[in-house]
Amino acid sequence: MSISPRSKSGALEIPELDLAMTLNSGQAFHWTAMGEGWTGCIGETAVFLRQKGDKLEFRGIGEKDLCHYLALDHDLEAIRASCDHPVVREASLGCRGLRILRQPRWECLATFILSPMKQVAHIRQMSLALRARFGTPLSGTPIPAFPSASALAEATEQELRSCGLGFRAKGLLGTARLVASGEFDPEALSTLSTEEARDALCSLPGIGRKVANCILLFAYGRLEVVPVDVWIGRILGSFRGRRKATPAELERYGERVLGPYAGYVQQWLFHRARTGLLELPAKKSTKSKATARTATPSRRRIPRPVTG
DNA sequence: TACCAGGTGAACT
DNA sequence: AGTTCACATGGT
């Protein structure tokens, strides 16, 4: 793999990073395992990454940009300490090293328009198809960047559908046109409050509350927001008890119970549930807590997803 | 085959 | 303001 032959490279000592878990946790969808490392790109820059223990080797990108993308400045220990819910504690320990990335705005925004009613593996397929078809290959590599808004705005809905987007093609095309024309500027959201930025995102076709929250979390560093998808809905519902709740109620509940870094907590729960490792206390056991802790049959497991 | 997936938007009560 | 429905695709 020839990534930027004589460009930047090096190695970093990382206190706490699980690169594989981070790149596979349903935030970014384009990283590909290559041998013991990962190839992909950060914005318009082709990148190779490899983690060996506490050492992170990188090629193609400068240290500063890499640290920004991987959010190595997030204090994970403090974030773990910010929520003392017993189920969260267990999930947080199982997700040590999982970091919420700082993704390029347009790329993250467009990719999450692909996400409704799709599994992570399918979002990956669609995003890779868009890159292959509409993205420009990065210098000297077979890796295409995510297509610009202009590139997608010039496509037809049928062309987008041919990448497997289904009904999502219309929203992506409409949003790409608004961004390409300058009518909507993703960069301008960074100075707005979270509420204002969310309203702005929700004005775009194909973006509702949940997708807007994903974008705010994964591209704008709004670590307090809680995207409520089917998984988080189930989990928060089980935290609350059997009473049925609207998505809005679950989101408010999550913001309150999961603490100031609710977005991080949500990501731990999502990742553990999706990989089949999250167990929840039985909803109303007649047994004592001590019994419930050791007797595994009294615990309820969140159903495993259809794996992709 | 039937069911599900990091939902949204429009049309209903 | 809450509920219901259509919307594409691919995997188990």
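The structure presented is a predicted model; accordingly, all values stated were derived computationally and were not measured.
Residue Ser162(A) is out of contact with every strand shown, counting any heavy-atom pair closer than 4.0 Å. Residue contacts for Leu204(A): at a heavy-atom cut-off of 4.0 Å it reaches the sugar-phosphate backbone alone, with no base atom in range. Nucleic acid contact for Ile207(A): sugar-phosphate only, since backbone atoms but no base atoms lie under 4.0 Å from a heavy atom of the residue. In this structure, Phe218(A) reaches the bases: a heavy-atom distance under 4.0 Å links it to at least one base atom across the strands shown.
When the side-chain nitrogen and oxygen atoms of Arg161(A) are compared with OP1 and OP2 of dA8(C), one or more of them lie within a distance under 4.0 Å. Taking only side-chain nitrogens and oxygens, Gln125(A) comes nearer than 4.0 Å to OP1 or OP2 of dG11(C).
With rounding to whole Å, Leu250(A) atom CG is found 13 Å from dG2(C) atom P. Residue Arg272(A) contributes atom CZ, which lies 17 Å from atom P of dG6(B) at whole-angstrom precision. Across the protein-nucleic acid pair, Arg234(A) atom CZ and dG7(B) atom P stand 10 Å apart, rounded to whole Å. Remark: C1' of dG6(B) and CH2 of Trp268(A) are 18 Å apart, rounded to the nearest angstrom. A straight line from CG of Asn213(A) to P of dT8(B) spans 9 Å, rounded to a whole angstrom. Regarding Leu160(A), its CG atom lies at a distance of 15 Å from the C1' atom of dT9(C), rounded to whole Å. Atom P of nucleotide dA5(B) and atom NZ of Lys210(A) are separated by 12 Å, given to the nearest angstrom. Here the P atom of nucleotide dG9(B) and the CG atom of Leu201(A) are 12 Å apart, to the nearest Å.
Residue ring and base: Trp231(A) does not count as stacked with dG6(B) (centre distance below 5.5 Å and interplanar angle below 30° not both satisfied).
With respect to the salt-bridge test (charged N to carboxylate O, under 4.0 angstrom), the residues Asp73(A) and Arg99(A) do not qualify. Ion pairing of Glu57(A) with Lys55(A) is present here, as a side-chain N (NZ or NE/NH1/NH2) and a carboxylate O approach within less than 4.0 Å.
With DNA chain C read from its 5' end, the first of the two nearest nucleotides for Lys244(A) and Arg168(A) is the one closest to Lys244(A). Summary of the strand contacts: Cys202(A) and Ser115(A) both lie near DNA chain B, and taking for each the nucleotide with the nearest heavy atom, the more 5' one is attributed to Ser115(A). Each of Gly206(A) and Gln27(A) was matched to the nucleotide of DNA chain B holding its nearest heavy atom; the match closer to the 5' end belongs to Gln27(A).
Under 3.5 Å, the side chain of Lys118(A) and the base of dT9(C) form at least one donor-acceptor pair of N or O atoms. Judged by atom type and distance alone, Gln267(A) reaches the base of dG6(B) through a side-chain donor-acceptor pair under 3.5 Å.
Between Thr156(A) and Gln158(A), the side chains place no donor N or O within less than 3.5 Å of an acceptor N or O (distance only, hydrogens not considered). Under 3.5 Å, the side chains of Asp18(A) and Gln51(A) contain no donor-acceptor pair of N or O atoms. With hydrogens and angles left out, the side-chain atoms of Tyr261(A) and His74(A) include no donor and acceptor closer than 3.5 Å.
Between Arg222(A) and Val225(A), the closest side-chain pair of non-hydrogen atoms falls below 4.5 Å.
Going from the P atom of dG2(C) to that of dG6(B) covers 27 Å, rounded to whole Å. Using atom P as the reference point in both dA11(B) and dA8(C), the two lie 15 Å apart (nearest Å).
Ranking dT8(B), dG6(B), dG11(C) by closeness to the Val211(A) side chain, first place goes to dT8(B).
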